[in-house]
Amino acid sequence: MEHNILVTIVDRNGESKEYEAPTDMGLNVMELCKSYELPVEGTCGGMALCASCHVYVMSDHELTEPTDDELAMLDQAFFVKPNSRLGCQIKLKDSLDGLKLVLAPVAS
Ligand code: FES
């Protein structure tokens, strides 16, 4: 049986789009973005070590608490807001249906 949720992602041009996201493959938000060729590098492969997957969470879904590693990385990232998270640390699951995210800007 297929398990899909819908995740809305606003890219860095302000364009909002709804993406189908499988919840039975152990994917995280960074991997989802990459699979749809959104400009998310995921340089560290999801180890909470690069912040290239930085997103803002715009919906009030209950997410797992950030780990110390994630908080330490966000501490060094640019453009951090109270709703900042690392996409690679958000695992796609059924309860996140309707999740809305905005890709954080990248420092130039
Ligand atoms: Fe590197 Fe998320 S992919 S911190």
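We count ligands from 1, going down the list as the structure has it; atoms in each ligand are counted the same way.
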J.: Only heavy atoms of L49, strictly under 4.0 Å: list the atoms of ligand 1 that pass.
T.: 4 (S)
J.: Which one holds for C44 and ligand 1: side chain close, backbone close, both close, or neither close, with close meaning a heavy atom under 4.0 Å?
T.: both
J.: Give the minimum heavy-atom separation between C88 and A48, together with the two atoms involved.
T.: SG-N, 3.9 Å
J.: Could you pull out the closest heavy-atom pair between A51 and L86, with the gap in Å?
T.: CA-CD2, 3.7 Å
J.: Check each atom of ligand 1 against the heavy atoms of C50 and keep those under 4.0 Å away; list them by number with element.
T.: 1 (Fe), 3 (S), 4 (S)
J.: Rounded to 10°, how big is the angle at atom 2 (Fe) of ligand 1 from C88 SG to C53 SG?
T.: 110°
J.: Take Q89 and L63 through the side chain to side chain contact (heavy atoms under 4.5 Å, CB included) test and state the conclusion after the steps.
T.: CA-CA 10 Å; Q89 303 300 302; L63 302 175; over 6 Å; no
J.: Report, in ascending order of atom number, the atoms of ligand 1 lying under 4.0 Å from any heavy atom of G42.
T.: 3 (S)
J.: Hey, is A48 one of the residues with a heavy atom under 4.0 angstrom from ligand 1?
T.: yes
J.: Supply the atom-to-atom distance M58 CE to T8 OG1, rounded to the nearest 0.5 angstrom.
T.: 11.5 Å
J.: With a 4.5 Å limit on heavy-atom distance, are the side chains of L103 and P39 in contact?
T.: yes
J.: Which atoms from ligand 1 have a heavy atom of G46 less than 4.0 Å away?
T.: 3 (S)
J.: Can you tell me if S84 and H54 form a side-chain donor-acceptor pair at under 3.5 Å?
T.: yes
J.: Which residue and atom name correspond to the protein heavy atom nearest atom 4 (S) of ligand 1, and how close is it?
T.: A51 N, 3.3 Å
